[in-house]
Every structure is written in structure tokens, then in C-alpha cells.
**Q** 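Below is a structure I'd like to ask you about.
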Amino acid sequence: MTVLLQLLFQGVGIGAVYALVALGFVLIYRATNVVNFAQGQFAVVGAYSMVVTTADLGLPYWLGILITLAVMAVFGALFNLGVYYPLRNRSFLPVVISTIGASIFITNIILGIYGPEPSMLAPMLDAPGISLGALFLDAQYLTIIAVTLALVALQYLFFEHTLLGKRMQAVSQDKEMASLLGIKVGWMIMLTFIYSAMLGGIAGILVAPILFVSVGLGGQIALKAFAATIIGGFGDVPGAIVGGIAIGVIETFGAYYISVPYKDAFAFIVLFAFLLLRPSGLFGEKVSQKA
Amino acid sequence: MRLGARSVVLAALLAGLAAAPVRAEDLKLGMVVPITGAAAESGRFAQWGAQLAADEVNAAGGVLGRKLVLAIEDDQTSNPGGVAAFNRLASDASIVAFLGSIRSTQTQAMDPDVRRVAKPVFFGGTDPELTRGGDPWLFRCRPNDAYSAKVIAAFGVNELKLKKWAVVFSTDAFGSNGHKHLVEELKADGAEVVTEQGYANQATDFTPVVLAIKGSPADVIGSYFTFEQDLGIFARQLRQLGVRTPWVGSPSIVATTALRLSGPALFGTYGVADFNADSSPEAHAFADAYKAAHKMAPDNFSSWTYDAVKLAARAINTAKSTDPKAVREAILAVRDYKGVEGTYDFDANGDGLHGYNIVKNDGGKVVFIKHIEFAP
Amino acid sequence: MSPRARILVYFVLAALVVGLASAVPLGEYMVKLLLQAASYAIAVLGLTVLLGYTGQISLAQAAFFGLGAYGVALGTTTLGLGFAPALALGLVVATLFGIALGMSTLKLGGHYLAMVTISFQQILTLVLTNWISVTGGPDGIRNIGRPHLPGIDFENNQTYLAACLVVLFAVGGLVAVLKSRRLGLAMQAVRDNELAAGVVGINTFRVKIIAFALSALLGGLGGGLFAGAFRYISPDQFAFDDSVVLLTMVLLGGVEAAIGAAIGAGLLILLPEWLRFLKQFYLAVYGAAVILIMVFLPAGIWGLFSRHRVWAPAAPVGPLELDIEAAAGTLLSVRGLAKHFGGVRAVDGVDLDIAQGSVHALIGPNGSGKTTLLNVLSGIYRPTAGSITLNTRPVAGLAPHVLAAAGIGRTFQNIRLFHSLSALDNVVIGAERPGSGISQRAAATARALAALGFVGMAERAGELAASLPYGHQRLVEIARALAGHPVLLLLDEPAAGLNLTEKQELVELLKRLRGHGLTILLIEHDMDLVEQVADRITVLNFGRHIADGSPAEVLRHPEVIAAYLGEVPSHEAA
């Protein structure tokens with residue numbers, strides 16, 4: 001029973017990380033119809049920003065987070081201008097390749113500047129965690145789960161209950177109609193990239209104390225998050241959250257009960273099954289094209 | 001610069017045509033290291049070690065009266081990259097010998113080209129098969145995994161008196177070979193392997209592995225980790241979930257990066273180390289010089305290249321020639337040479353070392369316990 | 001240059017390059033680079049077929065490359081086979097997996113397909129790494145064999161390189177030729193407009209599977225040669241990153257032409273070598289270069305040099321053979337046809353009889369289910385209920401290409417041409433529909449030209465479909481349907497967007513078609529036009545038919561007037 005609960009906790013914890021990154025995927029996908037293959041690198045940039053501000057410059061943790069969020073906002077804007085905006089009128093493939101190029105670029109710029117040595121980032125809380133009998137709940141994982149839940153709630157409030165949020169939603173649903181209504185589509189997409197980069201940065205801040213900070217950090221998470229996005233139904237926010245957590249739990253249980261070396265395969269096998277049996281995702285409606 | 005290059009070409013031509021004596025030029029060693037990619041960090045350490053040795057050789061008068069220089073190529077931390085880098089170096093006929101890779105698969109990938117080029121190549125990969133394939137030009141400057149497994153098993157079973165083993169290993173080439181040998185050695189030493197846990201590199205979570213160990217009757221852990229990040233995550237989760245059994249790990253457990261990343265989670269663990277500063281006066285002197293130059297303690301990434309450069313210089317000086325065959329004979333004839341990795345006695349396969357140090361992580365400091373040596 | 005001269009030049013060039021590669025001492029380093037570039041280029045040619053011709057994305061080409069490589073590696077070592085049977089083994093396995101991946105395109109496209117291929121790639125990497133008893137695991141396989149032929153020393157790297165180049169030239173030539181063949185045109189039709197491709201008689205699912213199979217085959221072929229070249233392989237050489245590299249190669253070189261594969265592979269193998277002076281930053285420059293290429297070179301490097309050449313047909317245009325055996329009676333009979341989308345009853349129990357040789361108009365307000373009905377008749381939608389009979393044959397629920405083969409041709413309300421092909425190629429694809437009785441390219445071209453001539457577009461046959469003005473695109477689309485020699489032609493608002501002159505020309509065209517006895521079902525808002533050409537009219541509203549009869553009767557029907565009440569009457573309703 002303890003084993004079961006421990007696996008479940010760990011699965012949900014790592015799944016929450018996938019979910020956070022998946023959320024970034026979903027937002028950009030909804031606004032632009034493009035999958036951003038550099039989403040994982042957003043987390044890397046955020047994690048490095050934390051290392052530079054808190055470890056290298058010795059600033060307090062909260063200030064480091066604020067600076068990192070600002071850095072991510074600028075980064076998201078630059079990413080939009082450099083990688084998406086020039087290609088906005090082209091089909092999805094050139095944009096996808098362009099984001100892959102951006103991912104290679106970001107990775108190697110960081111590698112060039114900071115070198116390949118992994119760095120450490122202190123956890124957000126001082127306490128190591130909570131022990132419940134033989135069960136151990138890592139404080140950082142608890143933080144991750146809490147922050148993910150809070151962000152999902154905030155995001156819901158923002159999109160459903162603010163004018164800006166509604167405008168951004170309108171853009172993601174129908175660009176032409178939105179621009180007819182006087183919404184500045186370009187600006188809304190810009191805001192989406194900024195917000196999505198900040199989300200990625202938060203994922204980086206949260207996960208860095210567990211997985212250490214290195215340029216490989218993003219790649220580990222991004223593909224799983226992408227899989228979560230698909231399982232959740234492309235462009236579906238609750239779906240991405242559930243998808244991410246489902247993948248975390250499935251691979252943790254799969255690793256324990258079936259095979260550790262094939263751990264990374266479980267997410268993809270589940271994904272295969274989903275794509276072939278229910279390509280619309282958990283909550284999705286349709287994927288077929290119209291005549 | 002241009003003139004210099006031209007004169008080299010001219011000299012080479014003349015040498016080919018008339019076998020005229022060539023003006024003394026720098027003596028070049030080729031070196032294949034990762035400058036980019038996942039292993040770039042260790043690549044820098046490797047260069048530092050080799051350069052330190054080259055500087056010392058030159059300060060002592062060089063090789064055959066010539067200055068020893070390193071020609072470096074990036075292997076991009078990949079097998080094709082390693083092959084390309086080696087071939088790029090090999091196209092320079094003036095290179096006398098090479099330093100290959102610390103990665104076994106890269107060495108395997110280079111093997112056909114090493115045979116073709118037919119010049120001595122020192123390498124640090126620890127897969128025992130590498131020197132058993134009949135390539136006469138490969139010379140290993142680290143003890144191979146058969147010895148690391150022998151030493152882990154011998155120390156754990158004979159010194160710690162622990163017989164129920166959990167074996168954790170990366171499923172890459174290094175880890176799976178180490179795993180295979182360790183299981184064999186443990187059985188030979190009369191111990192029992194109660195659980196074998198492989199994992200894929202760059203894992204995000206080790207809970208399933210830790211729980212499997214926790215649920216087993218294991219009283220000691222033997223491990224082959226490739227990347228320090230993985231080791232760090234595993235170590236922390238192991239301690240968090242309350243596993244306190246003794247742990248004897250492959251060299252990565254005492255690598256500088258692992259100590260930095262893992263902190264207290266690794267306190268009290270044992271590791272086999274091909275390099276330890278306290279294992280010999282030579283190692284101590286090397287560590288001092290390295291620290292003075294780079295403000296950090298050396299590890300095996302730099303110690304083997306240091307030894308390799310020294311061995312190459314010594315062999316060429318002994319052979320009094322740069323002829324590959326003569327140099328090869330001189331390397332194979334090395335007996336009882338005190339390097340920083342250990343004492344070199346090259347066997348017919350080209351393995352220079354046959355033992356390991358056992359060290360302990362004592363509150364974050366690596367303490368030398370003993371050296372265990374086997375007959376070649 | 002005539003095609004024959006072009007082939008000759010290609011052979012001379014190939015012989016020259018192969019000769020140089022085997023004779024000129026290149027240095028071992030350069031030989032290894034070229035071996036890598038040549039084997040990669042062959043795999044990239046697979047992507048030219050898959051992505052460039054057929055428009056299907058794959059992020060798993062390195063997996064197929066790996067399957068071919070492991071076939072050769074395991075075949076020549078563990079299994080003790082010769083090089084050729086080992087390669088064949090690898091190719092069979094790669095192709096089978098390619099077909100399996102192609103099957104997934106039945107349901108998936110775009111990002112979903114990308115993810116399926118990524119999943120396949122990841123799982124294969126894990127299997128190659130962990131199935132140690134078979135694949136040797138992460139250690140990989142060494143001492144891989146090369147071919148043995150008497151008199152040729154393949155152990156010499158330059159000889160082997162020459163052999164690889166022979167294969168590359170052969171494959172490259174075949175891929176280039178494929179582009180203008182029937183299969184190649186079908187692939188491009190699927191890429192440009194999958195829906196229209198089905199309607200003109202192309203089995204799109206089959207074409208996509210063939211494309212995946214070919215792509216996997218070429219990936220495997222490249223991998224097999226790679227394994228022989230380097231004699232050592234390990235799983236990390238066939239990972240996701242390598243698939244990205246292969247994809248970048250095809251996009252960089254130019255996705256639409258075979259030569260793009262060679263340019264892309266050559267450049268991306270050499271680029272890192274040239275950028276070495278940047279040390280640790282060279283991969284960053286590489287990443288930035290990828291973005292810049294996407295932004296500034298959408299058609300790749302080859303795209304800078306290739307332009308569509310407009311040409312005028314040289315051959316005299318013959319008359320279009322349209323007449324069909326005149327038989328009295330009903331050609332198409334629809335009973336109780338329904339199509340529901342969830343709760344929406346777009347078509348809800350329609351009966352319809354179309355007489356042989358008549359022009360039958362289908363009218364009704366927007367959203368009355370006309371286009372849905374047409375989509376069901378042409379097989380794009382499966383009906384929820386009801387029967388469709390064409391010449392006594394029940395055809396309800398058949399796939400678009402099957403219906404096209406049965407003789408149903410159609411056009412679309414929003415024009416669906418294959419925009420990157422010439423007008424002529426668009427129509428040739430129509431002429432080559434299964435069941436049209438035409439299999440020779442010359443005959444198909446003649447018929448296509450005749451069809452273009454019939455609609456008055458013969459002189460513009462050599463122009464790119466996308467560059468034609470709107471009205472002309474409509475005519476080309478009609479010609480495409482006519483070239484397939486249909487027994488029934490479905491026209492979805494052919495007058496939409498046309499100016500007055502063009503409309504009048506369209507009326508004349510429709511009258512000429514009626515004169516040839518062709519049966520037409522016409523959706524149109526323009527009542528003026530309908531009155532001029534229609535023999536019978538059926539009126540739909542809310543998915544049901546509310547009136548049926550001659551134009552004079554129907555247009556006076558009270559329910560029809562009620563249905564149109566509030567709508568702008570007659571002409572401008574389009």
C-alpha cells in the first residue's frame with residue numbers, strides 16, 4: 001500500500017511538471033495552430049535565470065523569481081518576433097521546423113555561455129518534505145503540485161473573467177472573426193507567447209531543484225509534455241493537465257511493475273493507443289477535416 | 001604562418017622523395033575530445049590533464065629534443081563525430097600518436113580507422129572487449145571494467161562482508177557492461193544478487209528503482225551510473241525513502257560533479273576510483289599542479305590523459321624514433337611505470353592498469369581506503 | 001533540352017562523379033564525410049517523396065535509417081548472411097514498418113502524424129538499446145560486412161564510396177522521374193488537396209501508404225549503406241535528433257526536387273565542418289541558420305534556382321470526346337438519404353431522381369444541406385441512412401475514389417485545384433482516373449488538352465494553377481472533371497465569384513455540355529443561370545426537399561417562395 005501511494009505521489013508530482021509545460025504548448029497551439037518544439041527550452045532559460053540571480057548574484061529567492069518572470073516575458077516576446085512572426089502566414093511545417101531550429105539555437109547558446117556542467121538550484125522551501133510512516137512526500141514535489149493547481153485556477157479566472165482573457169480566447173477560436181471585432185490579433189498572439197514563456201520559466205524554476213540545471217533539462221520534459229497535450233486533446237487546457245498527470249503516473253507505475261529501462265516507452269505506447277483509438281483526446285470533439 | 005605551413009609541406013615532400021633529414025619541428029599528438037555535446041564538461045578536464053603533461057614534458061626537454069604539442073579535434077560527444085575527428089587528425093601525417101576517447105562506444109567506432117591508420121592510440125574507455133578485438137594499436141590508460149567489477153565485488157564481499165546485492169546500472173554501453181561483469185564477479189565471490197535495476201540515461205525519477213531496492217532483502221548496493229545528474233537524483237531519493245544500506249559505486253560516484261550535486265546524499269558511500277590523489281606520491285603531485293592551474297581537484301577525466309601524454313613521450317624517447325612500430329614496442333615494454341592512475345604494466349592486449357583504488361566519501365571529502373591490484 | 005538529352009547528361013554527370021570519387025585520392029577524412037553525406041542523401045530522398053511530393057510529415061526517418069543499418073549489421077554478423085540478403089532483410093523490415101506508419105494516416109494528419117512518428121522513433125531507440133540479446137544493446141555492432149563481388153575491392157573505402165554514389169544517382173534519378181509519373185502526380189495531388197484528390201479518383205489512403213513505404217525503403221537503403229561504410233553502428237546514431245537532422249536536410253536543400261536531397265545532405269554534413277572555427281557556438285549558428293532558411297528560403301536552396309516555366313502546348317488540340325451511350329431513364333436515384341452530424345440533421349431524408357442526359361439543379365437557402373448532399377454523393381461523407389443508386393448499382397457509402405471510378409465527377413464551391421501543379425497536370429490527373437479507359441500518358445495528355453480546349457483554356461495549359469485568375473481556375477476545375485469522362489458531373493456553385501461576362505461564358509459551356517448529353521447535377525444560387533440551363537429543379541430546405549419539377553413549376557411553388565422570403569431574390573443571391 002505504501003509502495004502504491006509513494007508511486008502515485010511521485011507520478012502525480014512529475015506529471016504536474018509535464019502538465020505545466022503542456023499548458024504552454026496548448027496556449028501557443030490555440031493562438032497560432034503551431035506546436036512549439038522549443039517549449040522545453042523555455043524551462044531551461046527560466047532555470048538558468050534562477051541560477052544566475054540566486055546562486056551567482058546571491059539575490060533573495062523571491063527576487064530571483066520576479067527577475068526570472070521578467071526575463072521570460074522579454075524572451076517570449078523575442079521568440080515570437082524571431083521565430084513565429086516572420087512565418088505566421090505559412091503552413092505549420094516551416095513554423096515547426098523553425099521552432100526546432102530555435103531549440104537548437106537556445107540550447108547551444110546556453111551551452112556556449114554556461115558550459116555543460118550541471119548547476120544546482122536550492123529548493124523553494126527549506127524543509128526536505130513530509131514523512132507519513134514509510135511514505136515520504138518531497139517538499140519540492142508538493143510545491144510543484146500546489147503551484148500547478150494554483151496556475152490552472154488563475155488561468156481559468158483570467159480567461160473566463162477578464163476582458164483581456166476573453167480577447168485572447170476569441171483570437172484562439174477564430175482569428176478572422178476576432179480581427180473583425182476590432183481585436184488586435186497580433187498583440188494577442190504576442191501576449192500568448194509572453195505568457196507561455198513565463199509558464200515555461202515557472203516549470204523550469206520548479207523542476208530545477210529536482211533534476212538539476214543543465215541544457216538537457218528541457219528535452220527530457222518537452223516530449224512527454226507534447227504527448228500529454230495530445231492525450232488531453234490538442235488545444236484543451238483541462239485535457240493537458242489530466243494528460244500530463246496521467247503520463248507521469250503511468251510511466252512511474254509502468255517502470256515499477258513492468259520495466260525501468262522501457263520507462264520512456266510507456267508514455268508513447270499510451271499515446272499510440274490514444275491516437276489510433278481516440279485521436280480527439282480525452283475531452284476532444286473532432287479532428288476530421290471539412291469539405 | 002603561411003610560410004610555416006608551406007615549409008612543412010615542402011619538408012614532407014622532400015622527406016618522401018629523398019628521405020632527407022627533416023628539420024626538427026614540433027612533435028604532435030592528436031587528441032579527440034568532446035568540446036560540444038553532453039560530455040563537453042569532461043572534455044575540458046581531459047584537455048587540462050593532457051596539457052599539464054605536455055607542459056611538464058616540454059619543461060623537461062621535450063621529446064627527442066622536440067617540443068610536444070597537442071592537436072585537438074571535437075568529437076561532438078557522438079560516435080560519427082569521434083570517427084570524423086579521428087580521421088581529420090589522421091590526415092595530418094606528422095601526428096605520431098593519438099589520445100582517443102574515454103567513451104567505449106566511440107573507441108569501438110574508431111577501431112576500424114585506428115587499424116588502418118596504424119599508429120598508437122591511447123584511450124580511456126573501460127569496456128574490456130576493446131583490447132580483446134586484436135587491434136594492435138589500442139593502449140588503455142585506465143583499468144577496464146572487469147577490474148572495477150572485481151574490485152567492487154571483492155571489497156563489498158570480503159571487506160564489508162555483505163552478500164545480498166542490489167545492482168543499479170545505466171542501460172548504456174558503460175553501465176550494462178559494468179552490470180554484466182559485476183554480476184559475474186559477485187557470483188564468483190559467493191554473493192547473491194537479489195535485484196538488478198537498469199535505467200535509461202537522463203531519467204527524471206528513480207522512485208520505482210528505489211522502491212524495488214527497498215522491497216528487496218539487499219544489504220548493499222553496487223552501481224554503475226554514467227551521468228552525475230542521474231546519480232544525484234537517485235542518491236537523494238534513496239535517502240529520502242529511508243534506504244541507508246552501504247553503497248559501492250563505479251567511478252562516477254566520486255566524480256567532482258557528483259560530489260557537488262549530491263552533497264550529503266552520498267556521504268558514507270564507497271567508490272572505486274582509478275584516480276585518487278592520495279593513492280601515490282605521483283598522484284599527489286599531479287593533483288597539486290592541477291589545482292594550482294585550475295582551482296579545482298582533478299578526477300579521472302584528466303588523470304588518464306595526463307598519463308597517456310607522459311606514456312607517449314616516454315615511449316617515443318625510449319624508441320628514439322617516431323616510427324609507429326618502434327613506439328608500439330616501446331609502449332608494450334613499459335613495466336612498473338608509476339603514473340597518476342596507478343602503476344602501468346602493459347600486457348599483450350594493450351591494457352596498462354590492472355587494479356582500482358577504493359575510496360570513501362567521508363562528509364563530502366574523498367578518502368583513500370586501499371588499492372586492490374590483480375595480476376595482468 | 002529534350003528528355004532524352006537530359007537523361008544522357010545525367011548519366012554522363014553520374015559517370016563523371018562516380019569515376020572521380022573512385023579515382024582521385026581524396027584522403028580518408030573526406031571519404032568518410034562523403035560516405036556519410038551519400039548515405040544520408042539516399043534517406044533524405046525518402047523524405048523528398050514523403051514530405052515533398054506527398055506532403056506527409058515524418059520525424060522518424062532516422063528510425064528507418066536505423067532499421068536498414070541494423071538489417072545489414074545483424075545480417076552480416078550474427079546471421080552470417082552476405083551483404084545483399086542482409087540489406088534486403090533490413091529493407092523488408094523498414095518497409096513493413098513504413099506501411100504500418102502509413103496506415104495511421106487513415107485517421108491522422110498534421111501534428112498528430114508528427115507525434116505518431118516521434119513515438120515510433122522513441123520506441124525504436126529504446127528497443128535497439130534495451131533488447132541486448134538481439135541488437136547488442138548500446139554497445140552496438142562492430143565488424144559489419146561489405147559486399148563481395150569478384151574484381152571489385154569494396155574493402156577500399158573509395159571503391160565503396162563510388163558504389164554508394166552509383167546507388168545515390170540511381171535512386172535520385174528514379175525519384176526525379178517519379179515526380180511526373182502517374183503515381184508522382186497522385187502524390188502531389190494528395191499534398192495539394194487531399195479532398196479533391198479523392199474526388200478525381202485517387203485512392204489517397206493507398207497513395208499515402210505507398211509514400212510511407214517508399215520513404216521507409218529509401219531510409220533503410222541509406223542506413224544499410226551507412227552501416228557498411230562505417231562498419232560499426234550503435235543505437236545513439238539513429239535517435240530523434242537524427243530524424244530532425246534528416247528533416248532539416250530535405251527542407252534546406254529543397255523539398256520538391258530530388259536534387260534538393262543531395263544539396264541538403266551535402267551541406268548539413270559539411271556545414272559543421274566549415275563552422276568549426278566557431279568552436280562551441282557552431283551548433284547555435286546551425287540552429288539560427290535553420291530558422292533563417294525557413295524564413296528566407298521557403299522552397300529551400302534549390303528553390304532559388306528552379307522556377308516554374310510557363311509553356312504553350314505545341315500539339316494541336318483535338319476535340320473532347322464526351323458522348324456516352326444514350327440510354328433513357330434514371331441515371332441516379334436517391335432514396336431517404338440522411339446525413340446527421342451529432343444532433344444536426346444537415347440532410348434529412350431526401351429523395352432525388354436525376355434523368356439520363358438532363359441538367360438537374362439543386363437549390364435552396366444557405367444551410368439547406370445542398371453541399372452536404374453533394375459531399376455524400378461524391379463519397380466525402382458517409383450517409384447516415386438512405387440509398388444511392390447509380391445506373392442500378394448501389395453506391396451509398398463508397399469512398400470518393402471508388403465513386404470517381406464509377407463515373408461521378410465534381411467541382412467544389414471553393415475551388416480545389418492542385419495549386420502547385422500546372423493547369424495541364426491538374427487535368428491529366430483527372431484524365432487518368434481509374435475506369436476512364438486511359439492508361440498511356442500520351443493519351444491522357446491529349447485528352448487533358450482536349451478538355452482544356454473544351455473550356456477554352458488550352459493556351460494556358462502550361463501555367464501554374466495557383467497563378468491563374470479566379471474565373472480561369474473554375475474552368476480548369478471543370479476541365480479536370482470532364483477529362484475523367486464522367487457519367488455524372490456534380491457542380492457546386494460554379495458561378496460563385498464570376499463576373500457577368502464569365503457567367504455568360506459558363507452558361508454557354510453548360511449548354512454545350514447538355515448538348516453532348518452529359519448528365520449534370522448543379523448547385524446554384526443564381527436563379528437566372530438556373531433558369532437558362534436546368535431541365536429540372538429540386539429545392540431543399542432544412543435538409544429536406546420541399547419541391548421538385550420543371551423550372552417554371554418550381555419557381556412558382558409557394559413553399560419555395562416562402563423558403564426564399566427575406567433572401568435577396570434571383571441574380572445577386574450568390
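No hydrogens, no waters, no symmetry mates; every other heavy atom, side chains included, goes into these values. In what follows, every chain begins at residue 1, and chains take the letters A, B, ... in the order their sequences are listed.
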**Q** What part of A:Ile106 lies closer than 4.5 angstrom to a heavy atom of chain C: side chain, backbone, both or neither?
**A**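 It is neither, since no heavy atom gets under 4.5 Å.
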**Q** Side chain, backbone, both or neither: which part of C:Leu51 has an atom under 4.5 Å from a heavy atom of chain A?
**A** side chain
**Q** Quick check: are there more than 12 heavy atoms from other residues, nucleotides or ligands sitting under 6.0 Å from OH of A:Tyr195?
**A**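 Check passes, neighbour count above 12.
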**Q** Return the CD1 to CG distance between A:Ile97 and C:Leu59, rounded to the nearest 0.5 Å.
**A**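 CG of C:Leu59 is found 6.5 Å from CD1 of A:Ile97.
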**Q** Any chance CZ of A:Arg88 has more than 12 other-residue heavy atoms, nucleotides or ligands included, within less than 6.0 Å?
**A** yes
**Q** Grab the two heavy atoms, one from C:Met294 and one from A:Arg90, that are nearest each other, plus how far apart they are.
**A** O-NH2, 3.0 Å
**Q** Report which part of C:Phe296 has an atom under 4.5 Å of a heavy atom belonging to chain A: side chain, backbone, both, or neither.
**A**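 Neither the backbone nor the side chain of C:Phe296 comes within 4.5 Å of chain A.
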**Q** Is A:Ile269 in contact with chain C via its backbone, its side chain, both, or neither, using a 4.5 Å heavy-atom distance?
**A**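 For A:Ile269, backbone and side chain are both near chain C.
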**Q** Which heavy atom in A:Phe105 sits nearest to a heavy atom in C:Ala284, and how many Å separate them?
**A** CD1-O, 3.0 Å
**Q** Hey, what do you get for CD1 (A:Ile104) to OG1 (C:Thr248), rounding to the nearest 0.5 Å?
**A** 6.0 Å
**Q** Under 4.5 Å from any heavy atom of chain C, what part of A:Val34 do you find: side chain, backbone, both or neither?
**A**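 Contact with chain C is through the backbone of A:Val34 alone.
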**Q** Heavy atoms only, distances under 4.5 angstrom: which of C:Ile57, C:Thr372, C:Val116, C:Asp241 has the most pairs with chain A? Name it, please.
**A** C:Val116
**Q** Side chain, backbone, both or neither: which part of C:Val244 has an atom under 4.5 Å from a heavy atom of chain A?
**A**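 When you check distances to chain A, only side chain atoms of C:Val244 fall under 4.5 Å.
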**Q** At under 4.5 Å between heavy atoms, what parts of residues 255-264 of chain A are in contact with chain C? List them by residue number.
**A** A:Pro261, A:Tyr262, A:Asp264
**Q** As an exercise, state the distance from CZ of A:Phe266 to CD1 of C:Ile123, rounded to the nearest 0.5 Å.
**A**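 Rounded to the nearest 0.5 Å, the CZ-CD1 separation comes to 10.5 Å.
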**Q** Checking heavy atoms, do the side chain of C:Leu251, its backbone, both or neither come under 4.5 Å from chain A?
**A**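 For C:Leu251, side-chain heavy atoms alone lie under 4.5 Å from chain A.
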**Q** Between C:Leu247 and chain A, with a heavy-atom cut-off of 4.5 Å, which part of the residue counts as in contact: side chain, backbone, both or neither?
**A**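 The side chain, not the backbone.
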**Q** Partners of A:Ser103 by side chain to side chain donor-acceptor pair (under 3.5 Å), sequence neighbours excluded?
**A**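 A:Gln41.
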**Q** Measure distances from A:Leu271 to the heavy atoms of chain C and classify the residue's part below 4.5 Å as side chain, backbone, both or neither.
**A**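 For A:Leu271, the contact with chain C is made by the side chain alone.
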**Q** Picking from A:Ile110, A:Thr107, A:Leu223, which has the most non-hydrogen pairs under 4.5 angstrom with chain C?
**A** A:Leu223
**Q** Is it the backbone or the side chain of C:Ile118 that comes under 4.5 Å from a heavy atom of chain A, or both, or neither?
**A** side chain
**Q** Where does A:Ala267 contact chain C at under 4.5 Å (heavy atoms): side chain, backbone, both or neither?
**A** neither
